[in-house]
Each structure stands twice: as C-alpha cells, then as structure tokens.
There are 2 protein chains.
Amino acid sequence: MAEPHPLTPMLRKLEKWTRLGEADREAVLGLPHVLRTLDAHKYIIREGDRAENSCLLRSGFAYRHKIVGDGSRQILSIHMAGDIVDLQNSLLMTADHSVQALSTVEIALIPRGSIQALAAAHPAVGMAMWLDTLIDGSIFREWIANVGRRDARTRVAHLLCEFALRQEDAGLGERGRYELPMTQEQLADCTGLTSVHVNRTLKSLERDGLIRRNKRSVTIGDWQRLGDAGDFNPQYLHLEIAAEA
Amino acid sequence: MAEPHPLTPMLRKLEKWTRLGEADREAVLGLPHVLRTLDAHKYIIREGDRAENSCLLRSGFAYRHKIVGDGSRQILSIHMAGDIVDLQNSLLMTADHSVQALSTVEIALIPRGSIQALAAAHPAVGMAMWLDTLIDGSIFREWIANVGRRDARTRVAHLLCEFALRQEDAGLGERGRYELPMTQEQLADCTGLTSVHVNRTLKSLERDGLIRRNKRSVTIGDWQRLGDAGDFNPQYLHLEIAAEA
DNA sequence: CGCCCATTTGACAGCTTTCAAATCGCGTGG
DNA sequence: CCACGCGATTTGAAAGCTGTCAAATGGGCG
C-alpha cells in the first residue's frame, strides 16, 4: 500500500552501474523535489532560462531541441521514464536548449543546489551522476555521426534501433515491438530530414519488410536486417558495460 | 627554473569555474601520469579499445571521430591545449570513438582508476570534472544542430567562430586571427560535407569579405558578419558562466 | 458529422556530391 | 638553386539525394 517513493526511478538509474551505500541511497531519496504533471507539448525548460532545477522524468516521453537561425528545429535527444533530463542544469547557469513533453509526463523538479550538495556530500552519488552525463555524451556523439554522415534510410533505421533498445532497457517494452510516441515531423527533426522524406523512408523500410507500422507502434520484422540497414552498433548506449577501477 | 608541473593545464581547466582547496590542488597534481609526445595523425585512442587512461592534452591539437558503415568519417570534436580529452574513459569501459593527433601533441596519460579515486576522495575535483563533461555535452549538442539543420555556408562559418573563441579562451591567440591546423577534408568531416564543397564555401566566405586565409591561418574580417552568417551564439561554449548554488 | 492534424503522394527544384583533372605549396634530392 | 614528388587546394560539369510546394487522404475527437 505504501506508494513507492517518487524518486525511485532516479535511484534505479544511478544504481544501474554503480553500487551505492545505504546512506547514499537515503540521501538521494531525501532530495527535495516538486512533482508535476505536464501535458504533451508543454515546455519543461526553455533555452535561455536561468537553470534552477534538474528534472527527473518519472513517466512519459520528452525531447530536447534547439531552434536554429532559419527557424528550423533540431531534436537533440529523446528521453523516457527514468531519465534525468537536465542534470547539466545542476552546474551550468543557463539552459542552452529547450526540453518539451512528447506525451503527458510526470516529472520531479530538484533544485540545482540540492544536487550539488548531494554530490559534494556523497561522492559515490556524484560519480554516478557524472557517469550518467558521460553516457549522455556518448549518445550525442553517435547522433552527430548519424545526422552528419549517414543517408536518410540509414539515419531513420538507426533511430528506430536506438529507441527499441532504450525502451527495452527502461523496462517499457521489448525491442521487437514498441510505441513510438512521435510524429514523422519530430522524427525528421531528430534526423535532420524533412517530414516528407521521413515518410518516404519509413514506407521504404516497411516495403522491404524491415518494420511494420500500426498507428504509433513499430514492429521490427527483422532485427538483424534493420540493424544492418541502420549501421547500428549498440555499444554507444553503454547498456551493459559497468564502470569499475 | 623549476619546470611547471606537467599537469598544470589540467588544474587551469578545472579551476576555470570551480574554486579548489589546496588539498584538492595537490591531489590533482599528484595524479600518476605518463608523458608522451605524438606526431600528427597518430592515434591517442582507438574506437573499441578497452579504456585504460584519460588524456590531458598539454599542447597541440587533436580530434575525436567515428567511422560509419560506408567508411566515411565524422569528426565529433576538436581539442586544444588544456582540454581533457578522454574523461569518459574514467568511467566507461570501452572507447566508443577514436582520438587522433591533428598536430604534434604532448599528452599526459592518467590511469582511469586514479581519476576515480581522486573524484571519490575530493568531491570538489569530481564536480569540476563533471562540469567539464557537461560543457563537452553542450558543445556536442550544438554540433548536432549544426550538421543537422544548417546549410553548408552556415555550418562552416559556425565552426570558424567556435574555433576563434575557443582558441582565444585557451590563450592560444585572439579571436580575430588564429591558426586553423586542419585540412579542408577535416573541416568537411566536422561539418558533414565534402572537402570539395568546403572549399567552395570557404572561397565564398572569403569573396564576401567575411574571412581572409593565408596558409592555415584565418583572419576574421568582420566578426559580427561572420557570426551572423554562422548563426553563432557563443552561449553553448559556457565560456563565461560559472557554476554556483 | 465535421474539424484538424498527421500521413501520403507527385512533380519539380536545388543544394551537395561525385568524378576528374588542373594547379598550388612545400619538403626533398640532385 | 632548381627539379621532382606528393598531398592539399581549386575548378568544372553532371548526377543525385533530399527538400519544397501542393494537394489528397486518413484518423481521432468533440
């Protein structure tokens, strides 16, 4: 009957690679926070805002993006339940991008000062958060390569593979079939393409039997072939690899 | 006459935003390390390698890159004296990209275990390294937007602006004129273009009076106009902004 | 049932790439 | 001091992937 503690997903995330002591765990759960529920499209943070909070995504999906000079949008990453979306706000003063809800989301806002104090008082927790940031960086690097050097078909297939594994890892489904809560326009903004071309690409992948689509759900017909088509090597997600001395 | 300590640049980097205590400083300088000098083109780390060391770049330039399925290369970031290039190696097990020397470089290799121990024993240093990682991430995000949503001219101009500010910040020159130690092919791999098109773009920027070139040195004729052409907002570099509670 | 947004589709334009070949820059050897 | 060699830079012409513009179709919701 006891509700699980609202920050449990954060603990799960941090303990995926690091073992925390009891005092560390208590300190994490003891973080002050404000719970919010936001509808799809609502902003969680806006580029240029003074960073006040870090944000734990407790349920739902969100995305980070930037608007460039000509007004077009580039999505930088997609986040799902358990992700700590704005850890950089703990140390950087100004948000350099926006974060928006993709679906209805439940979030916990944690004041930056508390995150800093936690890291200072509990180095093991600090290192776990640092590790999370490092993995974030690894995914960003893969996205640079994806939009910079792959053709449309490969980019889209790569993105579909990434979602499959991350959703599976987050316990939200299996890699063979999952919900893709994004419009084709949003997929286009992830891949640096146009929605028109994403549509053609998706249909091409479907025609070739690599995926099947139904509403917003994606079924991967042939994981091996989709991975090949997407030049996908999951190593950059660091799903398995633990940190150790 | 006393040689400056080889790890001094690391201290400079870490103390740019954070104030460290005397014990912290000593701990950083006390890090075990191996000094190396590598010629241009040599690998500092190869994708897939088991990560053993983090690497402080003491002088020279280096770049990180990935090779995608069709064999083409995407450069992920450029590094210059003072940068700590492979901090992610401290916590992640496997290198997900390669790092190569762009010029002759002097590096210091620091065992991952020592970095971890340092972060555990000196939380302030750990947080400074974390902050460095966060800024890295911010630059990666800007690069995603750059290759994903800007046209060739804008991408190249943006890159030139970034180099100008970063070299100035690193104390290697002034923003109005600096050495660009890269071939046009490498510039192409930074921007997701071909070297042919980079060449045309550079000439176009030059023809319009935004830059002048001489060998590998770049003079920025009109900083304002180049910044506009490159849709450049330096905020993402977090050059000024300090962390505070 | 009707509105609105997302998905599709077609024709055409255009930015970049590709493919080659010429020129340039510079260190090396005669 | 000049010729040679090789990688980098330039240039031109043509092809192609992706974007643009419009319009039709489809699906969910009040």
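Chain letters run A, B, ... following the sequence lines, proteins first, then strands; residues in each count from 1.
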What pairs with A/Ala145 under side-chain contact (heavy atoms from CB on, under 4.5 Å), at least two apart in sequence or on another chain?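 Applying side-chain contact (heavy atoms from CB on, under 4.5 Å) to A/Ala145 gives B/Lys66, B/Val68, B/Gln74.
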According to side-chain contact (heavy atoms from CB on, under 4.5 Å), who are the partners of B/Thr104, at least two apart in sequence or on a separate chain?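 B/Thr37, B/Asp39.
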Under 4.0 Å from any heavy atom of chain B: name the first and the last nucleotide of DNA chain D that qualifies, 5' to 3'.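 That gives a stretch of D/dA8 to D/dA13.
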Set of residues satisfying salt bridge (Lys or Arg N to Asp or Glu O under 4.0 Å) with respect to [X], sequence neighbours excluded:
{"X": "A/Asp83", "result": "A/Lys13, A/Arg166"}
{"X": "B/Asp132", "result": "none"}
{"X": "A/Glu179", "result": "none"}
{"X": "B/Arg73", "result": "B/Asp189"}

Between A/Asp208 and A/Arg225, does at least one N-O distance fall below 4.0 Å, as a salt bridge requires?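 Salt bridge between A/Asp208 and A/Arg225, a charged N being under 4.0 Å from a carboxylate O: no.
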Is A/Glu47 salt-bridged to A/Arg64, going by a charged N under 4.0 Å from an acidic O?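 Not counted as a salt bridge, because no side-chain N and carboxylate O are separated by less than 4.0 Å.
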Say you draw a straight line from CG of A/Asp228 to CH2 of A/Trp223; how long is it, rounded to the nearest 0.5 Å?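 Separation between the atoms: 11.0 Å.
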For A/Tyr236 and A/His158, what are the C-alpha separation, side-chain angles and deciding distance, and is it a ring pair (Phe, Tyr, Trp, His ring centres under 6.0 Å)? CA-CA 12 Å; A/Tyr236 75 96; A/His158 190 280; 5.6 Å; yes
For DNA chain D, determine which residues of residues 144-162 of chain B have any heavy atom closer than 4.0 angstrom to one of its atoms, and list them numerically.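 Heavy-atom cutoff 4.0 Å gives no residues at all.
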Heavy atom of residues 198-206 of chain B under 4.0 Å from DNA chain D: which residues?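 Contacting residues: B/Asn199, B/Arg200, B/Lys203.
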Are there over 12 heavy-atom neighbours, none belonging to A/Arg153, within less than 6.0 Å of that residue's CZ?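 Yes, because the 6.0 Å sphere around CZ of A/Arg153 holds more than 12 heavy atoms from other groups.
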Within 6.0 Å of CZ in B/Arg36, more than 12 heavy atoms from elsewhere: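 Not more than 12 within 6.0 Å, no.
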Among B/Asn146, B/Asp151, B/Leu202, which residue meets the side-chain contact (heavy atoms from CB on, under 4.5 Å) test with B/Val156?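 Result: among B/Asn146, B/Asp151, B/Leu202, B/Leu202 is the only option passing the side-chain contact (heavy atoms from CB on, under 4.5 Å) with B/Val156.
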Divergence of helical axes at both termini of the helix from C/dC1-D/dG30 to C/dG30-D/dC1 - five pairs an end, 10° steps: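 Its terminal axes enclose an angle near 30°.
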Name every residue in residues 180-197 of chain A that has at least one heavy atom under 4.0 Å from any atom of DNA chain C, in order of residue number, or write none if there are no such residues.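 Under 4.0 Å from DNA chain C: A/Thr183, A/Gln184, A/Val196.
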Nearest heavy atoms of A/Ser103 and A/Gly60, plus distance in Å: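 Heavy atoms of A/Ser103 and A/Gly60 come nearest at OG-CA, 3.4 Å.
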Quick one, A/Asp231 with B/Asp70, criterion side-chain contact (heavy atoms from CB on, under 4.5 Å). Give me CA distance, side-chain angles, the key distance, then yes/no. CA-CA 9 Å; A/Asp231 186 23; B/Asp70 70 355; over 6 Å; no
Anything under 4.0 Å to a heavy atom of chain B counts; send over the first and last such nucleotide of DNA chain C, read 5' to 3'.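 With heavy atoms of chain B under 4.0 Å away, the range is C/dT16 to C/dC26.
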Just by distance, do the side chain of A/Asn233 and the backbone of A/Gln235 share a donor-acceptor pair under 3.5 Å?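 Yes, A/Asn233 side chain to A/Gln235 backbone: donor-acceptor pair under 3.5 Å.
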Worked verdict on A/Gln184 versus A/Ser195 for side chain to side chain donor-acceptor pair (under 3.5 Å): CA-CA 5 Å; A/Gln184 292 177 11; A/Ser195 60; over 6 Å; no
